[in-house]
Amino acid sequence: MNEFSKPDSSWRPLLDGEMADRALEAVFAIAEDIPTRSGWVHPRVTGDYSPVWSAGLASGAAGQALFYGYLALHTNEERWADLALELLDRAAEAVASNPMTESLYSGFPGIAWVSDHLRGRLFEGDPDENREIDEALLSAFSHPDWPREYDLINGLVGLGIYALEGLPRPTAAACLERIVERLAARALDEPEGAAWFSPPEVLPEHQRLEQPEGLYNLGASHGMAGVVALLGAASRAGVAAAPPLLERAMSWLLARRVPAERGFCFPHFYVPGSEVRGSRVAWCYGDPGMAAALLVAGRGAGDPAWERIALEVGRDAAGRPEEQARVQDAGLCHGATGVAHIFHRLHCSTGDAALAEAAQVWYERALRYRIPGLGFGGFRAWSSDGDGNLDWREDPGFLEGSAGIGLALLAAVSPVDPGWDRVFLESLREPELSPPQADATL
């Protein structure tokens with residue numbers, strides 16, 4: 001293992017005193033608890049899928065490795081670094097022995113993303129280590145309909161996040177260019193700009209029943225917010241096709257903004273002729289995730305007007321009453337630490353004091369969910385099983401569970417920049433000394 005990375009001056013911890021003590025107590029309780037039950041399996045998973053889910057970024061060893069890696073960076077303790085590497089090795093072994101999808105959050109790209117992200121921070125390694133994965137993705141792009149979905153969790157946007165983390169590796173740059181090309185090919189050219197449509201066959205059952213003809217998804221996890229953030233990051237990385245596509249996509253997306261009097265800025269989906277409805281306060285669907293995506297798009301493209309809109313949306317979300325937020329637990333995807341971390345990141349990016357206050361409020365709300373002795377480190381997730389039944393469940397994972405909660409609470413008190421949030425497209429990677437160039441022979 002190499003020297004741990006130095007704190008990034010752009011990130012400023014927000015919690016101190018008793019609140020910081022409570023946050024760190026929760027972080028270390030999570031850290032001690034997760035290894036005691038390594039056989040946990042998500043309730044939605046059965047049979048042959050168990051080894052895959054237990055390895056991936058969302059719920060498995062790769063996401064937990066990210067948590068322990070950042071805990072090592074904060075504490076400078078070898079035992080946490082060793083555990084991070086052990087978990088990452090376990091995830092890599094699962095890739096070698098089990099068929100996996102191209103999903104960033106449950107497939108092999110997410111495991112490779114964690115490897116690229118921790119290399120150079122936590123351990124030395126060959127920067128070309130994931131070249132074979134890049135080449136496998138490039139080969140898969142020979143199929144015109146691959147991948148089926150365009151979104152962040154399962155599709156093209158998620159693959160773009162993986163490729164961005166691999167820069168300046170030439171094969172990763174080639175992947176990123178191919179992804180932008182494919183997004184452009186799938187975009188619908190509408191009067192207000194470029195948009196991506198979700199047909200009914202890719203929708204979860206409850207959405208398919210409600211919208212049997214499909215819909216335009218606006219969220220960060222499965223929709224347009226993720227697209228514009230990726231295109232902003234790709235623009236900053238020097239992908240020539242990204243800026244004009246981003247301009248058209250932003251034109252369409254901003255046309256979906258509603259007046260602030262409605263109590264929200266963006267609905268979580270759009271169907272022409274249907275009533276526009278608000279969404280929860282969250283990353284996956286809702287104005288906090290939208291604000292983060294708009295800021296990344298604006299910063300990536302160098303457009304101050306988009307940055308101002310991001311700040312407006314973030315401030316509006318920060319002022320939303322708790323009873324209207326529809327937050328049920330503490331996780332990153334749609335819970336209190338996810339909201340707190342977005343407001344914290346927006347504050348560090350803009351200096352806006354109201355966002356800092358909102359972040360502190362939401363960190364306190366997250367800690368309210370902690371009940372020592374339950375779940376992992378005192379936290380449980382409000383989530384569904386394979387039949388869609390909601391209940392409190394134990395989850396040590398990154399996306400909805402305790403590893404992700406631990407990362408957010410650690411970031412609240414640590415000077416180490418939480419670059420892990422790039423996997424949500426909530427921040428931009430610092431640019432390379434020169435724009436990455438794809439290998440023309442690929």
Side-chain angles (χ1 to χ4, degrees), residues 13-43 53-77 79-88 90-91 114 283 327-341 344 359-360 362-383 391-414 416 418 420-421 423-424:
L14 278 179
L15 301 186
D16 55 19
E18 191 239 350
M19 277 284 288
D21 292 342
R22 289 173 61 198
L24 276 174
E25 179 186 1
V27 168
F28 285 110
I30 292 167
E32 297 288 357
D33 215 6
I34 288 176
T36 64
R37 285 177 284 167
S38 59
W40 177 90
V41 176
H42 197 285
W53 275 71
S54 65
L57 173 61
S59 299
Q64 293 164 25
L66 205 54
F67 166 58
Y68 286 106
Y70 272 85
L71 188 56
L73 295 177
H74 175 74
T75 63
N76 211 36
E77 291 186 21
R79 65 170 176 147
W80 303 126
D82 290 343
L83 185 50
L85 296 176
E86 177 187 331
L87 287 161
L88 190 55
R90 188 187 307 167
V114 175
W283 166 73
V327 170
Q328 301 288 335
D329 61 8
L332 287 178
C333 180
H334 45 257
T337 59
V339 176
H341 182 79
H344 192 167
Q360 290 170 322
W362 277 99
Y363 283 128
E364 193 279 330
R365 289 172 181 169
L367 288 168
R368 275 194 241 147
Y369 285 107
R370 183 168 184 245
I371 305 174
L374 294 180
F376 289 85
F379 292 99
R380 294 178 298 172
W382 182 251
S383 62
D391 201 353
W392 288 107
R393 305 182 191 282
E394 300 182 344
D395 186 344
F398 167 73
L399 184 60
E400 298 182 2
S402 292
I405 293 168
L407 276 165
L409 293 176
L410 183 63
V413 301
S414 176
V416 178
W420 53 262
D421 64 7
V423 83
F424 291 114

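Nothing here was measured: the structure is a model prediction, and the numbers come from that model.
A salt bridge between Glu32 and Arg79 is present, with a side-chain N of the basic residue lying under 4.0 Å from a carboxylate O of the acidic one.
Judged by distance alone, the side chain of Tyr68 and the main-chain N or O of Ala31 form a donor-acceptor pair under 3.5 Å. When atom types are taken as modelled, the side chain of Thr36 and the backbone of Asp33 share a donor-acceptor pair closer than 3.5 angstrom. At distances below 3.5 Å, not a single donor-acceptor pair connects side-chain atoms of Trp283 with backbone N or O atoms of Val339. With hydrogens and angles disregarded, a donor-acceptor distance shorter than 3.5 Å links the side chain of Thr337 to the backbone of Ala330. In terms of modelled atom types and a separation under 3.5 Å, the side chain of Arg370 and the main chain of Gly377 share a donor-acceptor contact. A donor-acceptor contact shorter than 3.5 Å links the side chain of Ser402 to the backbone of Phe376. With Asp329 contributing its side chain and Trp382 its backbone, the two residues share a donor-acceptor pair below 3.5 Å. Remark: the backbone N or O of Trp392 is not paired with any side-chain donor or acceptor of Arg380 at under 3.5 angstrom.
Between the CD atom of Gln64 and the CG atom of Leu87 there is a distance of 5.5 Å, given to the nearest 0.5 Å. From Leu409, atom CG reaches atom OG of Ser414 across 12.0 Å, with rounding to the nearest 0.5 Å. Considering CD of Glu394 and CG of Leu374, their distance stands at 8.0 Å, rounded to 0.5 Å. Taken to the nearest 0.5 Å, the CD atom of Glu400 stands 6.5 Å off from the OG atom of Ser59. The structure places CG of Asp82 at 11.0 Å from CD of Glu77, a figure rounded to the nearest 0.5 Å. Atom NE2 in His334 sits 7.5 Å away from atom CG in Leu399 (nearest 0.5 Å).
Within the 4.5 Å cutoff, side-chain heavy atoms of Val327 are placed close to those of Tyr369. With contacts defined as side-chain heavy-atom distances shorter than 4.5 Å, the pair Met19/Gln360 does not qualify. With contacts defined as side-chain heavy-atom distances shorter than 4.5 Å, the pair Tyr70/Trp420 qualifies. Taking the side chain as every heavy atom from C-beta outward, Leu83 and Ile34 never approach each other to under 4.5 Å. Contact of the Leu85 side chain with the Trp80 side chain is not registered, since no non-hydrogen atoms from C-beta on lie closer than 4.5 Å. Contact annotation: the side chain of Phe379 never approaches that of Asp395 to less than 4.5 Å [non-hydrogen atoms, C-beta and beyond]. No side-chain heavy atom of Ile405 sits under 4.5 Å from any side-chain heavy atom of Leu332.
Counting all heavy atoms, side chain and backbone alike, Ala91 lies closest to Ala55 at CB-O, 3.5 Å. Closest of all the heavy-atom pairs between His74 and Val413 is CE1-O, 4.3 Å. Residue Ala81 comes nearest to Ala72 through the heavy atom pair N-CB, 3.5 Å, listed as atom of the first residue, atom of the second, then distance. A pairwise comparison of heavy atoms in His341 and Pro418 identifies CE1-CG, 3.5 Å as the closest pair. Between Pro396 and Ala403, the shortest heavy-atom distance links the atoms O-CB, 3.2 Å. Across Leu57 and Leu66, no two heavy atoms sit closer than the pair CD1-CD2, 4.4 Å.
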